[in-house]
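Note on naming: letters A, B, ... go to the chains in the order of the sequence lines (proteins, then strands), and numbering restarts at 1 for each one.
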Number of protein chains: 2
Amino acid sequence: MHGIEATHHLRPATLVSDQESICSFLSEHGIKPTRQRVAIATHMFEKDQHLSADAILDRVNSDGSITTVSKATVYNTLKLFVSEGILREVAIDPQRILFDTNTHHHHHVLNMDTGEIRDINPVDIDLTKLTGLNSSETIDSVDLVIKVRSNKDQ
Amino acid sequence: MHGIEATHHLRPATLVSDQESICSFLSEHGIKPTRQRVAIATHMFEKDQHLSADAILDRVNSDGSITTVSKATVYNTLKLFVSEGILREVAIDPQRILFDTNTHHHHHVLNMDTGEIRDINPVDIDLTKLTGLNSSETIDSVDLVIKVRSNKDQ
DNA sequence: ATTTATGCAAAAACTTTGCATCCAG
DNA sequence: CTGGATGCAAAGTTTTTGCATAAAT
């Protein structure tokens, strides 16, 4: 009775660029659009991307605008965005915890040579072969990270 | 040209219980069996499990033996064990970085209600459907975490 | 005016580094 | 002795908390 049909297409993140849209976007998700939050969202939702809390902090505080934000606020705001469903937190590996603008069901490829992270379509995962699942358990989510290396043409 | 055949059976971790075996086990893997390392290994390889650095520290320093170990040594030792291939570090989710005694290829089920983590057989993952992979890239590893909830019988 | 929410300094938790000490040759 | 390895205090990072302030009712 367990199974996730993972046959969607890869959908892009919700992107918003101008101040106006960012405010409505936040409001629509029950988030009061304060100065700090708009500043953080501006950088985060500029494009489909995976950023660390630290990268966001740097960008917000070096974009030339008056608005600077503390580290605590960046963490608390990103956590708020996650809990309101407009961001997803991803552990690409134990050393890289990132915030992903794409909250749709998808997986990740990490190129270990370039450090590049790409979203990939959810692939079909045959869970019927799974032996370690209790019948009383329901699948909530499936996180898949594929680590690759660029061929050195050997 | 990418493909990992994931049809092995679920193999248990290498377990060692007595002082003697732990020393040889460490030596065999190029790790000098010092007091601190044996203490840490004793608790880690006691059974097939997933433990945080902090949990190991607690156990080592409260088992009644004379040997206590600093936090730094626990971190450095676990990192050493990982680099020597006798432990695997797993990001079950962004909040849970754990050390896994099972270094064989396998995946994880996290029961979000009980917090229990179980190893599962590597399942067949059809990577031929993958569209986001460059032909110049080779798969290095595949990490899969399935989050489940206990049915509330609703 | 009272209540609720917000931002951040400070605290806590986590991880790494640099060096004094130990140990093998 | 000497050179490399080891353990850990201290430093550096990351994340959370508690509270002063701000906004809303």
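- Between B/Thr34 and D/dG7, a side-chain N or O to OP1/OP2 separation shorter than 4.0 Å is present.
- One can place CD of B/Gln95 at 15 Å from P of D/dT14, the figure rounded to the nearest angstrom.
- Taking the side chain as every heavy atom from C-beta outward, B/Leu110 and B/Arg96 approach each other to under 4.5 Å.
- In this structure, B/Leu26 places its CG atom 15 Å from C1' of D/dA5, rounding to the nearest Å.
- Comparing atom distances between the A/Thr73 side chain and each of D/dG7, D/dA23, C/dC8 picks out C/dC8 as nearest.
- The residue among A/Ala72 and A/Leu80 whose nearest nucleotide of DNA chain C lies closer to the 5′ end is A/Leu80.
- Summarising the geometry, the separation between CG on A/Asn76 and C1' on C/dT6 is reported as 10 Å, rounded to the nearest angstrom.
- Within the 4.0 Å cut-off from OP1 or OP2 of D/dT14, at least one side-chain nitrogen or oxygen of A/Lys71 is found.
- Per the geometry, CG belonging to A/Asp58 stands 12 Å off P belonging to D/dT13, to the nearest Å.
- Which of D/dT14, C/dC8, C/dA24 sits closest to the side chain of A/Asp54 comes down to D/dT14.
- For B/Glu89 and B/Lys32, each mapped to the nucleotide of DNA chain C holding its nearest heavy atom, the one lying further toward the 5' end belongs to B/Glu89.
- Taking a cutoff of 4.0 Å between a charged side-chain nitrogen and a carboxylate oxygen, A/Glu137 and B/Arg118 qualify as a salt bridge.
- The separation between A/Arg35 atom CZ and D/dT21 atom P is 16 Å, rounded to whole Å.
- Rounding to whole angstrom units, CD1 of residue B/Ile31 and P of C/dC23 are separated by 19 Å.
- Side-chain proximity of A/Lys79 to D/dT16, C/dT17, D/dG7: nearest is D/dT16.
- A salt bridge does not link A/Arg88 with A/Asp100: every distance from a Lys NZ or Arg NE/NH1/NH2 to an Asp or Glu carboxylate oxygen is 4.0 Å or more.
- Atom-to-atom, CD of B/Gln36 to P of C/dT21 comes out at 16 Å; the value is rounded to the nearest Å.
- The B/Ser70 side chain lies nearest to D/dA9 when the options are D/dA9, D/dT16, C/dC14.
- By the rule that hydrophobic residues join a cluster once side-chain heavy atoms approach within less than 4.5 Å of another member, B/Val90 and B/Ile56 end up as members of separate clusters.
- Within the 4.0 Å cut-off from OP1 or OP2 of D/dT16, not a single side-chain nitrogen or oxygen of A/Tyr75 is found.
- Between C/dG7 and A/Arg37, a contact under 4.0 Å exists linking OP1 or OP2 to a side-chain N or O.
- Side chain to side chain, B/Asp48 and B/Asn102 fail the donor-acceptor criterion of an N or O pair below 3.5 Å.
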